[in-house]
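Read the structure below first, then the notes.
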Amino acid sequence: MKKQIIIFTILAFWIILPAFAQRPPRGHRQSQPDVIYVEVPEKDDGNGAKLNLGICFAPSFDWMYPATEGYKRNGATFHFHTGVKLNINLTQRKNFYVTTGILYERLGGKLTYVDNVEIPGLIITEGNAINRTYTNQYMTIPLGVTLKTNTNHNIAFCGNVGLYNSFLIGATNRDGYFFMSGESGHEPELWERQKSKYEECALIKEAIYGGIGLEYAITRNSRASFYINYAHTLTNFFKGNGQAVNTMTGNELKAKMGYVELVLGLNFF
């Protein structure tokens, strides 16, 4: 019996010891396998689409630069433009576009000056100080170029420059002035009027614009964009050849506009 116990013990050690010999020491255990990081693919891979269509809305702050003696700027007005833009790609990647489209614009400004004021049935004495606010409506065809960097982390930085070619479709002004009734003991009264004023404003507006912005790739086929543009008119806001004059002095009206636009857009490739 003792002989059998001894033989069994030797066999057990012969089986178990190799297993312990192959086990690494506690302080030198094998390290865990390296974690493999997978880079998330860009939503916009940069492959050039020949055309993309966009919609935009742009709040704007606009003011006037009067060039007629006695006329002064009287602050800025808040307006906007909205419409559809078409971008035509001229490269193999999404870096260079020609931009056009059609926009509806509302623009204007405020002027302070001295003039005669006529009300039906009355002619107010000469030399009334007038505060006038212009609001014009235009149908505009932009023509410009847009440059974009390659997309990095779904963002591309951009710049744009071009021309706004505009046609007048509506014009109004609001006048504020003090009316002297002529009766003794009466203080001047503040009057305000609003009316259409096609006959004073030029039918065509040409403006140059430029700005910077960024675009974010929402999907592989769409981008959201934000641009800050400054635009400056190249043409007179008023009609020339003596069609718009100060009735008191006879001076021809001349002014240009400047405006800052915050352009929000959505483009589809």
Side-chain angles (χ1 to χ4, degrees), residues 56-86 98-115 130-146 159-175 194-213 227-263:
C56 66
F57 177 79
S60 65
F61 301 90
D62 29 287
W63 57 90
M64 301 180 76
Y65 296 101
T68 303
E69 185 179 355
Y71 282 66
K72 296 180 180 179
R73 182 169 68 246
N74 187 29
T77 57
F78 179 75
H79 290 107
F80 69 92
H81 82 235
T82 186
V84 177
K85 289 185 177 180
L86 178 65
V98 171
T99 301
T100 186
I102 187 165
L103 305 175
Y104 168 75
E105 281 190 299
R106 289 176 68 91
L107 293 170
K110 297 180 179 181
L111 294 177
T112 296
Y113 58 96
V114 176
D115 199 354
I130 300 171
N131 295 321
R132 174 169 288 182
T133 301
Y134 289 94
T135 300
N136 286 8
Q137 303 172 59
Y138 297 95
M139 191 65 66
T140 297
I141 299 174
L143 182 61
V145 295
T146 302
N160 64 169
V161 64
L163 292 172
Y164 286 139
N165 309 290
S166 304
F167 306 92
L168 186 69
I169 58 174
T172 59
N173 63 52
R174 179 179 291 276
D175 290 343
Q194 179 170 320
K195 60 179 180 178
S196 297
K197 205 68 175 177
Y198 274 100
E199 65 272 16
E200 280 192 359
C201 299
L203 299 178
I204 294 176
K205 173 180 71 71
E206 291 290 331
I208 187 170
Y209 72 88
I212 58 174
Y227 287 79
I228 299 177
N229 289 342
Y230 174 73
H232 191 91
T233 58
L234 304 174
T235 52
N236 187 10
F237 179 83
F238 300 101
K239 288 182 178 179
N241 301 320
Q243 298 179 78
V245 298
N246 183 294
T247 59
M248 189 179 81
T249 64
N251 292 335
E252 189 172 344
L253 303 186
K254 296 179 180 179
K256 294 182 179 180
M257 283 191 296
Y259 45 105
V260 174
E261 305 171 311
L262 308 177
V263 187

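- Atoms OG1 and CD1, on Thr112 and Ile130 in that order, are 10.0 Å from each other to the nearest 0.5 Å.
- No more than 12 heavy atoms of other residues, nucleotides or ligands sit less than 6.0 Å from atom CD1 of Ile212.
- Atom-to-atom distance recorded for Thr99:OG1 and Lys85:NZ is 7.0 Å, nearest 0.5 angstrom.
- What you find for Val245 and Gly242 is that their closest heavy atoms are CG1-O, 3.7 Å.
- For the atom pair Leu103 CG and Tyr164 OH, the distance stands at 6.5 Å (nearest 0.5 Å).
- Counting only heavy atoms from C-beta outward, the side chains of Asp175 and Asn131 never approach each other to under 4.5 Å.
- Note: Glu261 CD to Phe80 CZ = 12.5 Å, rounded to the nearest 0.5 Å.
- The shortest non-hydrogen separation linking Val263 to Cys56 is CG1-CB, 4.2 Å.
- Using a 4.5 Å heavy-atom cutoff, the side chains of Tyr259 and Met64 are not in contact.
- Residues in residues 248-260 take part in no salt bridge (charged side-chain N to carboxylate O under 4.0 Å, His left out) pair, two or more places apart or across chains.
- Two residues are said to be in side-chain contact when any heavy atoms from C-beta on lie closer than 4.5 Å; Thr100 and Ile141 meet this criterion.
- Under the ring-ring contact (aromatic ring centres under 6.0 Å, His included) criterion, Tyr104 pairs with no residue, sequence neighbours left out.
- Side-chain atoms of Asn136 and Tyr134 include no donor-acceptor pair closer than 3.5 Å.
- Under the rule for a side-chain contact (heavy atoms from CB on, under 4.5 Å), the partners of Met248 that lie at least two apart in sequence or sit in another chain are Val114, Asp115, Asn116, Glu126, Asn246.
- Counting only distance, with no hydrogens or angles, the side chain of Asp62 and the backbone of Gly108 share a donor-acceptor pair below 3.5 Å.
- In this structure a side-chain-to-backbone donor-acceptor pair under 3.5 Å is present from Thr249 to Asn251.
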Steps toward side chain to side chain contact (heavy atoms under 4.5 Å, CB included) verdict (Asn165, Thr140): CA-CA 5 Å; Asn165 309 290; Thr140 297; 5.8 Å; no

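- For Thr135, the side-chain contact (heavy atoms from CB on, under 4.5 Å) partners at least two apart in sequence or on another chain are His79, Arg106, Thr172.
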Residues Met139, Glu105; criterion side chain to side chain contact (heavy atoms under 4.5 Å, CB included); working and verdict: CA-CA 6 Å; Met139 191 65 66; Glu105 281 190 299; over 6 Å; no

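- With contacts defined as side-chain heavy-atom distances shorter than 4.5 Å, the pair Pro59/His81 does not qualify.
- Put simply, the side chain of Ser166 does not reach to within 4.5 Å of the side chain of Ile204, judged on heavy atoms.
- Note: Leu262 CG to Ser60 OG = 8.5 Å, rounded to the nearest 0.5 Å.
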What donor-acceptor contacts under 3.5 angstrom involve side-chain atoms of residues 231-239, with partners at least two apart or in another chain?
residue : atom : partner : partner atom : Å
His232  : ND1  : Tyr230  : OH           : 3.0
Thr233  : OG1  : Met257  : N            : 2.7
Thr233  : OG1  : Met257  : O            : 3.3
Thr235  : OG1  : Glu206  : N            : 3.1
Asn236  : OD1  : Phe238  : N            : 3.2
Asn236  : OD1  : Ala255  : N            : 2.9
Asn236  : ND2  : Phe238  : O            : 3.1
Asn236  : ND2  : Leu253  : O            : 3.2

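- Between Leu107 and Trp63, the closest side-chain pair of non-hydrogen atoms is not below 4.5 Å.
- Evaluation of the salt bridge (Lys or Arg N to Asp or Glu O under 4.0 Å) rule for Arg73 yields no partner, not counting sequence neighbours.
- Panel note: side chain Asn74, backbone Lys110; no donor-acceptor pair is recorded below 3.5 Å.
- Of the N and O atoms on the side chains of Asn160 and Asn229, at least one donor lies less than 3.5 Å from an acceptor on the other residue.
- No side-chain heavy atom of Tyr227 sits under 4.5 Å from any side-chain heavy atom of Tyr209.
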